[in-house]
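Data block below; observations after.
Every chain is numbered from 1, with letters handed out A, B, ... down the list of sequences. Computed from a predicted structure; not experimentally measured. Scope of the values below: all heavy atoms of this structure, side chains included, with no hydrogens, waters or symmetry mates.
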Protein chains: 2
Amino acid sequence: MPQRTKKPGAAKTRSVAFRRIRADHSSELAEDYVELIADLIDEKGEARGSDVAMRLGVANATVVKTLKRLQDAGLVTQEPYRSIFLTGEGWKMAEDGRRKHKIVEAFLLALGVSEETARIDSEGIEHHVSEETLRAMARFLARKVM
Amino acid sequence: MPQRTKKPGAAKTRSVAFRRIRADHSSELAEDYVELIADLIDEKGEARGSDVAMRLGVANATVVKTLKRLQDAGLVTQEPYRSIFLTGEGWKMAEDGRRKHKIVEAFLLALGVSEETARIDSEGIEHHVSEETLRAMARFLARKVM
DNA sequence: CTGAAAGTTTAGCATTGGCTAAACCTATTG
DNA sequence: CAATAGGTTTAGCCAATGCTAAACTTTCAG
Ligand SMILES: [Mn+2]
Ligand SMILES: [Mn+2]
Ligand SMILES: [Mn+2]
Ligand SMILES: [Mn+2]
């Protein structure tokens, strides 16, 4: 057995967290897109690609390409030069995103951070909180109110 | 002025959060790498690429490629077939990562989530908390203890 | 001191998510 | 009702992160 010997075992366990993060990242963009599209539909009656681009701060072309992937994933439907619609699955993901987003943002506010920071930080944190942590945040909020 | 008219103004403001997230993501991997390398050096005396790969749960080849970028960024030094060292800047980033990581993980525990969840969620959340939120978490911890 | 096992790097490929510039529609306006 | 301003998509580029398979080093066993 050449080379230094390696203590196997506990090392691999730690990779779980990093695997979860990589998985979170790949769903993160989709979550933000559908949530944003849902907001636009509720606010203005329709979601246009250029509105999505503006709010995300990316180029139109980027949105077009991403929407194609979301369409393949069954989250949105669209036709060229038309506004964007969410599928049933898209709406479900959007609602779930909103739910998480609200809890995280309200929680940060209750913790005492400014509105702007709560808004900004929650946009990133929302994708990395497990249901268990969300429950703990909700519990904290409930206790705070009472 | 053809096409539907667009209400300009407040729309662009919202892109700030998403820009921050995209920036966070591009530094996230570097932060995890240097923190992990620092841990390996402290634990075993040296950090080898394959240990990093094992803990992250990615292929060796991926680590090699990423380390090349980190080297270009001035965070690590290395020679072929040798273990990895952190530069001064690398150590600084690692220490800062550890600091954030500890606060977030301790905070989640104090909030009442399980150790495993705290470990996993903190690995993702740490990259999306502003200094203001970190201060609020530290404040909460201080209050809890007393 | 040498051969081969085991660890490490290279080569080559794929996907995601950005960008700009050019081509392409649509809808308003004259 | 046609021209065109202006919104939308396509084309083509790039960097970051993954992967597998093949080539390459290192180190220890004999
Ligand atoms: Mn959200
Ligand atoms: Mn978000
Ligand atoms: Mn960390
Ligand atoms: Mn991390």
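- Of the candidates dA11(C), dG18(D), dT10(D), the closest approach to any side-chain atom of V58(B) belongs to dG18(D).
- Within 4.0 Å of T62(A), counting heavy atoms only, lies at least one base atom of the nucleic acid.
- Each of R82(A) and L29(A) was matched to the nucleotide of DNA chain C holding its nearest heavy atom; the match closer to the 5' end belongs to L29(A).
- Taking atom NZ of residue K68(A) and atom C1' of nucleotide dT15(C), one finds them 16 Å apart after rounding to whole Å.
- Counting to the nearest Å, the C1' atom of dG7(D) and the CD1 atom of I84(A) are 13 Å from each other.
- We find that CD of E79(A) is positioned 11 Å from P of dT26(C), with the value rounded to whole Å.
- Between the CE atom of M54(A) and the C1' atom of dT8(D) there is a distance of 14 Å, given to the nearest Å.
- Distance Y81(B) OH to dT8(C) P: 10 Å, rounded to the nearest Å.
- K92(B) has no carboxylate O lying under 4.0 Å from a charged side-chain N of E95(B), or vice versa, which leaves the two without a salt bridge.
- When rounded to the nearest whole Å, the span between CG of L67(B) and P of dG18(D) equals 12 Å.
- In terms of phosphate contacts, K65(B) brings no side-chain nitrogen or oxygen within less than 4.0 Å of OP1 or OP2 of dT9(C).
- More than 12 non-hydrogen atoms from other residues, nucleotides or ligands lie less than 6.0 angstrom from CD of E43(B).
- Between E28(B) atom CD and dA15(D) atom P the separation is 22 Å, expressed in whole Å.
- Take the nearest nucleotide of DNA chain D for P80(B) and for Q78(A): the residue whose nucleotide is more 5' is Q78(A).
- Salt bridge K68(A)/D72(A): absent, no basic N to carboxylate O contact under 4.0 Å.
- With the nearest nucleotide of DNA chain C identified for both A30(A) and A61(A), A30(A) has the one nearer the 5' end.
- Considering only side-chain N and O atoms, R48(A) lies under 4.0 angstrom from the phosphate OP1 or OP2 of dT8(D).
- Close to dG7(C), at under 4.0 Å from its OP1 or OP2, lies no side-chain N or O of S50(B).
- Sequence order on DNA chain D of the closest nucleotides to S26(B) and N60(B) puts S26(B) first from the 5' end.
- Note: CD (Q71(B)) to C1' (dT8(C)) measures 15 Å, nearest angstrom.
- One distance of note links CD of E126(B) with CG of D121(B); it measures 11.5 Å at 0.5 Å rounding.
- In the set dT20(D), dA21(C), dG18(C), dG18(C) carries the atom at the smallest distance from any side-chain atom of R22(B).
- We find that D51(A) and R55(A) are not joined by a salt bridge, their nearest charged nitrogen and carboxylate oxygen being 4.0 Å or further apart.
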